[in-house]
Amino acid sequence: MKHSLILFLFIGIAYSQSMQISNSEIRYHGIHPLHEWTGISTSASGKVNYDQSTNLGSITVSVPLNSFDSRVYARDSNMLTYTEAIDFPLVTFKSDNASIKQDSLYVNGRLTFHGITRDISVVASITRQNGFQVNGEFSINLSDYNVQRPTLLFIKIDDKIRIDYEFIIKP
C-alpha cells in the first residue's frame, strides 16, 4: 500500500509542471475616427501550473502599463495619465480555471486594470512544442474599468480596446 501511494505521488509530480512565461508580446489596439494605433509590450511576466493528466491549470500574468510603446511618446504619456499608471502600474490576469482541449486553451479568470477586477473568459490557440505557445485576443471596454477616454479634436477614442497576445511558456 505504501509503495502504491509513493508511485501515485511520483506520477502526479511527473505530470504536473510549473512553467514561466519566457517570451511575450501583448498588443492593445485603440481607435479614434481620425486614426488607429497599437501599443506593444514585451514585458509580461507570469507563471503557469499545468497538470498533463487532467489538462487543467492555473495562470498568472502581469504587465506594467509603462512598458507599452505605440511609437508616439505623447500618446504613450497620455495613456499613462488616463490609466493613472502611477497609482495602478500593473495589469494582471489570474485564473485557476484553465483547460486544454486539442489545440485550444479555455480560460476563465479575473482581469485587474485601473484598480478594478472583472471576470473574463478567453479561448486561445495553443501549440505544444518545447513548452507551449499561446495566441489569443479579447476586448475590454475602458468604461468597465472607470478609465476616462482621451479626446482628440473634442472626439473621444472608442470605448472598446482590443487586446491580442502571444506567450511562449517553458518549464
Side-chain angles (χ1 to χ4, degrees), residues 18-50 56-100 104-126 132-170:
S18 180
M19 300 173 278
Q20 300 292 320
I21 293 175
S22 62
N23 289 327
S24 67
E25 185 168 297
I26 300 175
R27 295 169 294 278
Y28 80 88
H29 306 276
I31 299 174
H32 184 274
L34 298 178
H35 69 288
E36 298 180 13
W37 69 95
T38 299
I40 301 172
S41 172
T42 58
S43 298
S45 61
K47 184 176 180 181
V48 175
N49 291 306
Y50 173 66
L56 297 174
S58 62
I59 301 167
T60 302
V61 177
S62 180
V63 62
L65 283 170
N66 67 2
S67 67
F68 284 93
D69 182 5
S70 71
R71 298 185 184 207
V72 175
Y73 175 80
R75 180 172 39 230
D76 295 338
S77 177
N78 205 27
M79 180 272 292
L80 294 174
T81 299
Y82 278 88
T83 60
E84 299 178 272
I86 290 175
D87 295 327
F88 309 106
L90 297 174
V91 177
T92 59
F93 176 79
K94 294 181 182 183
S95 172
D96 289 323
N97 186 1
S99 62
I100 297 175
S104 295
L105 174 64
Y106 297 85
V107 182
N108 297 305
R110 301 182 60 73
L111 180 70
T112 301
F113 172 47
H114 196 243
I116 295 175
T117 302
R118 299 254 185 220
D119 292 333
I120 65 168
S121 296
V122 297
V123 178
S125 66
I126 188 164
F132 297 95
Q133 180 174 340
V134 177
N135 296 297
E137 70 176 58
F138 61 95
S139 294
I140 64 166
N141 290 320
L142 294 172
S143 59
D144 290 343
Y145 294 90
N146 290 337
V147 174
Q148 297 297 314
R149 295 182 290 153
T151 61
L152 176 64
L153 299 175
F154 306 105
I155 301 170
K156 291 183 180 186
I157 67 168
D158 282 1
D159 190 32
K160 185 183 240 181
I161 299 292
R162 185 173 57 88
I163 299 160
D164 59 72
Y165 53 89
E166 178 179 313
F167 298 120
I168 306 295
I169 303 166
K170 295 194 176 192

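Considering only heavy atoms from C-beta on, Ile126 comes within 4.5 Å of Val134 through its side chain.
Under the salt bridge (Lys or Arg N to Asp or Glu O under 4.0 Å) criterion, Glu137 pairs with Arg162, sequence neighbours left out. Under the salt bridge (Lys or Arg N to Asp or Glu O under 4.0 Å) criterion, Glu25 pairs with Arg27, not counting sequence neighbours. For Ser121, the side chain to side chain donor-acceptor pair (under 3.5 Å) partners are Asn108, not counting sequence neighbours. Considering only residues two or more places apart in sequence or on other chains, Asn78 meets the side chain to side chain donor-acceptor pair (under 3.5 Å) condition with none of them. Take Ser45 and apply the side-chain contact (heavy atoms from CB on, under 4.5 Å) test, not counting sequence neighbours, and it matches Ser62. The side chain to side chain donor-acceptor pair (under 3.5 Å) search around Thr83 returns none, not counting sequence neighbours. With sequence neighbours left out, the side chain to side chain donor-acceptor pair (under 3.5 Å) criterion links Thr112 to Thr117.
For the residue pair Gly30 and Ile161, the shortest heavy atom distance occurs at CA-CD1, 4.0 Å. In terms of heavy atoms, Gly136 sits closest to Ala124 at CA-CB, 4.2 Å. The two residues Ser104 and Val123 make their nearest non-hydrogen contact at CB-CG1, 4.3 Å. Between Pro64 and Ser67, the shortest heavy-atom distance links the atoms O-OG, 2.6 Å.
Residue Ile86 places its CD1 atom among 12 or fewer non-hydrogen atoms of other residues, nucleotides or ligands, all under 6.0 Å distant. Counting heavy-atom neighbours within 6.0 Å of Asp96 CG, excluding the residue itself, gives a total of 12 or less. For Gln148, the CD atom is loosely surrounded, since the number of other residues' heavy atoms within 6.0 Å does not exceed 12.
Judged purely by atom type and a 3.5 angstrom limit, Ser22 uses its side chain to pair as donor or acceptor with the backbone of Ile168. The closest donor-acceptor contact from the side chain of Ser24 to the backbone of Ala44 lies under 3.5 Å.
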TODO: Apply side-chain contact (heavy atoms from CB on, under 4.5 Å) to the pair Thr92 and Thr60, showing each step before the final yes or no.
DONE: CA-CA 7 Å; Thr92 59; Thr60 302; over 6 Å; no

Open item on the list: Using the rule given for side-chain contact (heavy atoms from CB on, under 4.5 Å), can you reason through Leu142 versus Asp159, listing the C-alpha separation, both sets of side-chain angles and the distance that settles it, and then say yes or no?
Closed with: CA-CA 5 Å; Leu142 294 172; Asp159 190 32; 3.5 Å; yes

Open item on the list: Using side-chain contact (heavy atoms from CB on, under 4.5 Å), reason through Lys47 and Gln20 one step at a time and then give a plain yes or no.
Closed with: CA-CA 5 Å; Lys47 184 176 180 181; Gln20 300 292 320; 3.8 Å; yes

Task: Derivation and outcome, side-chain contact (heavy atoms from CB on, under 4.5 Å), residues His29 and Glu36 - done: CA-CA 7 Å; His29 306 276; Glu36 298 180 13; over 6 Å; no

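Residue pairs meeting the salt bridge (Lys or Arg N to Asp or Glu O under 4.0 Å) criterion with at least one partner in residues 71-80, sequence neighbours excluded, do not occur; the list is empty. Among pairs with a residue in residues 60-93, those fulfilling ring pair (Phe, Tyr, Trp, His ring centres under 6.0 Å) read Tyr28-Phe68, Phe88-His114, at least two apart in sequence or across chains. For residues 140-150, there are no salt bridge (Lys or Arg N to Asp or Glu O under 4.0 Å) pairs, not counting sequence neighbours. Residue pairs meeting the ring pair (Phe, Tyr, Trp, His ring centres under 6.0 Å) criterion with at least one partner in residues 136-163, sequence neighbours excluded, are Phe113-Tyr145. For residues 108-124, the pairs satisfying salt bridge (Lys or Arg N to Asp or Glu O under 4.0 Å) are Arg110-Asp119, with sequence neighbours left out.
A distance of 9.5 Å separates CD1 in Ile40 from OG in Ser70, rounded to the nearest 0.5 Å. To the nearest 0.5 Å, atom CH2 of residue Trp37 and atom CD1 of residue Ile31 are 8.0 Å apart. Atom-to-atom distance recorded for Ile169:CD1 and Tyr50:OH is 11.0 Å, nearest 0.5 angstrom. Within the model, atoms CG of Asn49 and OG of Ser95 stand 11.0 Å from one another, a figure rounded to the nearest 0.5 Å. The distance from the NZ atom of Lys160 to the CG atom of Asn141 is 7.0 Å, given to the nearest 0.5 Å. To the nearest 0.5 Å, atoms OG (Ser125) and CD (Gln133) are separated by 7.5 Å.
For the side-chain contact (heavy atoms from CB on, under 4.5 Å) with Phe167, the lone residue among Val48, Ile59, Asn23, Ile21 that qualifies is Ile21.
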